Amino acid sequence: MTRGRAFAQSLDGNQKAVAVALTVLFGFGLGFGVAHLMAGSIAYWGVVSVPFFITLRVALPATVIAGVTGVASGYVLAKGRFPGRDLLESLGSLPIILPPTVIGFYLLEVLSPGTRVGGVLTRVVGHALVYNVDGCIIAATVAAFPFCMRSARTAFEGVDVALEQAARAIGLPNWRVALQVSLPLARRGIAAGLTIGCARALGEYGATLMVGGDINGKTRTMSLAILDSFTTPERNTMLLILVLMAIVAMTGVGLLGRSRS
Amino acid sequence: MIALIPHSWLNAFAIPPWIWNPLSISLRAALEATVVVTVAGVALGYLLAKGRFPGRGAIETVFSLPMALPPTVVGYYLLTRLGGPGPIRDAEVHLFGHPLTFTFAGIVVAQIVESFPYCMRFSRAAIAGVDPRFEQAARAMGLSRWRIALFVTLPLARRGVIAGIAMAFGRAMGDFGATMIISGSAPMATTMPIALYNAVFYGSHEQAMVLALVQVGVALTILLGVGRLGRVRPW
Amino acid sequence: MTSALDVAVARHIGDFDLDVAFTVDKGISVLFGPSGAGKTLTLSLIAGLLRPDVGTIAINGAIVTDCARRLYVSTQRRRVGMVFQDGLLLPHRSVLDNVALAVRQVGGRRARRDVARTWLERVGAEELAQRRPVSLSGGQRQRVALARGLAGEPALVLLDEPLSALDTKVRRELRTLIREVIISSGVPAVLVTHDAEEADELGDVVIDYDDGRVTGQHAVARPSYPEPPLENPAGTEPS
């Protein structure tokens, strides 16, 4: 009640109208969406579970790899004093706005056994890295990495330097300062970045299509499978799962972000 | 949607059509989408940063969903909402004379939806980062809320807001899944990402190389600019 | 005759309790006390940036805050001018346009700029008109902030530690200027400071603050100053 009144008092007439319109729009959209999704039945779980578990098998390792490398490079970008950091950050951020087909194209160039680099890689690893789950994991890692890196950098830069200097003054080596002082202090921002990175890995479509090959039962993740099920009854089940995952992810990002101020 | 740019651009450098056609379609669609996203995204970002109303977090989450949803799901919803029978489609027919699916306007809508969260979140973060004492001083000067927003808050937040607009433009240029579904591979809607996909699997390797390189150039330019505009925490 | 400002308010924030009452007339009234005594909070309540829990505030006899009647006039309509410690000039506008933004008595960009220019002259900053705030020294910045605080013909001007960020020499210089400009404008002023010398030199009345309470109020003996001009102080007429 008081919050509502405070809200009303904080806005003038025009802003109030906009806010009311948005709220109505939002309410309608949500109600419509939920009703629509509930129409789907869990009876189709048997069909949906195959792409679902492929998605998890791709997105979870991808998030772990992107998280570790992203946080490490975010730390280097935040604390390092070397020229070209901004260029490096821009290069690492490319997958945020680069079309997934471009990523797919370059991954094929580097991973296909037919190319020079890919041939060497295939021999070293012992098996091909395209048209199987490994290829999907690589594509999802690339999609998730920039979000982990960028939020790690801003989170590390937000850590009070005095706390790090104090830790150094009592004799902790740099790597312990990073792991035991900076990392815990930056954890919220990093967690938000990992969450959104995980969501991007779960939803990757274009590069996964090109590198994974869209093989049913092997590399067909949910983002790919949804295309084939537009006209089938398991569509709603799949949409329900995907939309719920997205809502959970973005709510998590919102909660982690909100409490930092 | 908006006839901002004449359909036939002056192709001054005689770029071969296999680059020029998708590039001009991509640029035009992304520019039109960015105009819409800028107005709506900055306005909602301002409201989220400054309003003190319940449900703010929920609104931000819902409008951010396209960041977390697979582009295919976004494309599916647009296809069924814009193209399926119902009041929305009737409105499209009434306004444009035909449904927006499988047309150029359809991909603009897809790009608006995909790029909106970036503009909204960057703007929200930048506006929330403005020192509130500037706004208090402006209130004491007797400025109305609208004038404070336009003359004080937005200019002070402009770097982050511009970064968000640039990111939104880049995302609009880079969308593949949603564009592909809503366009149904209509030639009028073959954007750069789709042209690259076609070149990789049905065209020549040289064309694919060039198309990929052009897009890397565009994306890198945007990101370098965003990097220079400084830091906000959009997520 | 109505007093320039009537304050009787209480406000609770966290562990801090503010409970003050005072009445002042035209001239400069100084709120003096250590930091954390509630002086700046009082200014925020007078300006309407915050609301008291209980109490009333009247400016020139007009009630602007009355908690019992749930009456809170918005900051915009209180006609107060404010001067902050660090100036808070907008970095994206020229000095002249910063001052012009505060002019509300005339319409039109040119007219507002003319008024703003008159005020820059009165604070001795006319040659800074086209400069950007970042290029100003601390003293210049506060001159411009003073011009901006008065340019809107406020019913009351509030100055929050306007000289605290400056070094001693500039501070002394600006004290004289602030007193001259405010007294000649005829606008009543409330000034917050923790500097005793500044309080004595600037104030007609000094109100002592300590830990959220008023502990004393005394007039400062000083030679009488000339009556303010009766017409528009912003100088819309040729001077």
Side-chain angles (χ1 to χ4, degrees), chain A residues 3-4 6-7 10-12 14-15 18-19 22-23 26 29-30 86-87 89-91 93-94 96-102 104-106 108 147 151 154 157 189 192-193 196 199-200 202-206 210 222-224 226-227 230 239 242-243 245-247 249-251 253-254 257-258 261, chain B residues 43-44 47 50-55 57-65 67-73 76-77 79 118 128 144-146 167 169-171 173-177 181 191-194 196-197 199-201 208-209 211-212 215-216 219-220 222-224 226-228 231-233 235:
Chain A
R3 284 182 74 186
F7 163 50
S10 75
L11 299 174
D12 69 20
N14 287 320
Q15 287 171 321
V18 174
L22 282 172
T23 314
F26 160 67
L30 196 70
D86 286 347
L87 180 65
E89 182 178 29
S90 298
L91 284 172
S93 305
L94 273 176
I96 297 183
I97 59 172
L98 205 57
T101 49
V102 176
F105 170 73
Y106 282 117
L108 282 178
F147 291 91
S151 34
T154 23
E157 281 176 347
I196 200 164
R200 299 290 293 187
L202 286 165
E204 217 298 317
Y205 167 67
M210 292 172 74
M222 291 184 78
S223 347
L224 295 151
I226 191 81
L227 268 183
F230 275 3
L239 286 174
L242 287 169
V243 171
M245 285 198 299
I247 291 177
M250 290 321 291
T251 308
V253 171
R258 191 104 24 246
S261 54
Chain B
L44 186 55
L47 217 58
K50 289 291 162 203
R52 291 280 167 272
F53 50 95
I59 291 175
E60 182 169 10
T61 300
V62 167
F63 281 92
S64 300
L65 280 184
M67 284 176 87
L69 279 172
T72 42
V73 172
Y76 167 80
Y77 272 114
L79 192 66
Y118 290 84
S144 69
R145 280 177 193 278
W146 285 101
M167 288 297 275
F169 178 76
R171 273 297 291 163
M173 285 280 287
D175 179 62
F176 172 62
I181 290 171
T191 57
M192 286 293 273
I194 296 174
L196 173 62
Y197 182 83
V200 170
F201 290 106
M209 296 261 277
L211 288 170
Q215 295 179 81
V216 170
L220 198 57
I222 292 172
L223 284 167
L224 282 171
V226 169
R228 296 200 65 128
R231 325 211 60 80
V232 295
R233 307 172 84 169
W235 45 75

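Just so you know, these numbers use all the heavy atoms, side chains as well, and skip hydrogens, waters and symmetry mates. In this text the structure is predicted, and so the values were computed from the model without any measurement. Below, chains carry the letters A, B, ... as their sequence lines are ordered, and counting in each starts from 1.
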key: Beyond-backbone contact of B:Tyr118 with A:Ile96, side-chain heavy atoms, under 4.5 angstrom   = yes

remark   = B:Pro71 and A:Gly203 have their tightest heavy-atom pair at CD-O, 3.4 Å

note = When the 4.5 angstrom heavy-atom criterion is applied to A:Tyr106 and chain B, the contacting part is side chain

Interatomic spacing from CE in A:Met210 to CG in B:Leu196 - rounded to 0.5 Å = 5.5 Å

query = Side chain, backbone, both or neither: which part of A:Leu108 has an atom under 4.5 Å from a heavy atom of chain B?
reply = side chain

request  = Please flag which part of A:Glu204 lies under 4.5 Å from any non-hydrogen atom of chain B: side chain, backbone, both or neither.
outcome  = neither

request  = Taking A:Arg200 for its side chain and B:Met67 for its backbone only, find out whether a donor-acceptor pair lies under 3.5 Å.
outcome  = yes

ask   = Where do A:Pro99 and B:Met173 come nearest, in terms of heavy atoms and distance?
value = CG-O, 4.4 Å

inquiry  = I need the B:Arg228 CZ to A:Ser90 OG distance, nearest 0.5 Å.
reply    = 10.5 Å

key: Check: B:Pro193 main-chain N/O paired with A:Thr101 side-chain donor or acceptor under 3.5 Å   = yes

ask   = Between B:Met209 and chain A, which part of the residue has a heavy atom less than 4.5 Å away: side chain, backbone, both or neither?
value = both

Engaged part of A:Leu94 at the chain B interface, taking heavy atoms whose separation is under 4.5 Å = both

note = Honestly, the part of B:Ala58 sitting under 4.5 Å from a heavy atom of chain A is both

inquiry  = Given heavy-atom pairs under 4.5 angstrom as the criterion, report whether the side chain, backbone, both or neither of A:Ile226 touches chain B.
reply    = side chain

task = Search all heavy atoms of A:Ala246 against all heavy atoms of B:Leu69 and return the closest pair with its distance.
result = CB-CD2, 3.6 Å

query = Considering only heavy atoms, which portion of B:Leu211 lies under 4.5 Å from any heavy atom of chain A: side chain, backbone, both, or neither?
reply = neither

task = Determine yes or no for a side-chain-to-main-chain donor-acceptor pair under 3.5 angstrom, with B:Thr72 supplying the side chain and A:Ser223 the backbone.
result = yes

message = Please evaluate residues B:Ile181 and A:Tyr205 with respect to the criterion side chain to side chain contact (heavy atoms under 4.5 Å, CB included), reporting the C-alpha separation (whole Å), side-chain torsions for both, the decisive distance (0.1 Å), and the verdict.
response = CA-CA 12 Å; B:Ile181 290 171; A:Tyr205 167 67; 6.0 Å; no

Qualifying residue for side-chain contact (heavy atoms from CB on, under 4.5 Å) with A:Ile97, from B:Leu220, B:Leu223, B:Val226 = B:Leu223

message = Would you say that A:Leu202 contacts B:Pro70 through its side chain, given a criterion of any heavy-atom pair below 4.5 Å between the two side chains?
response = no

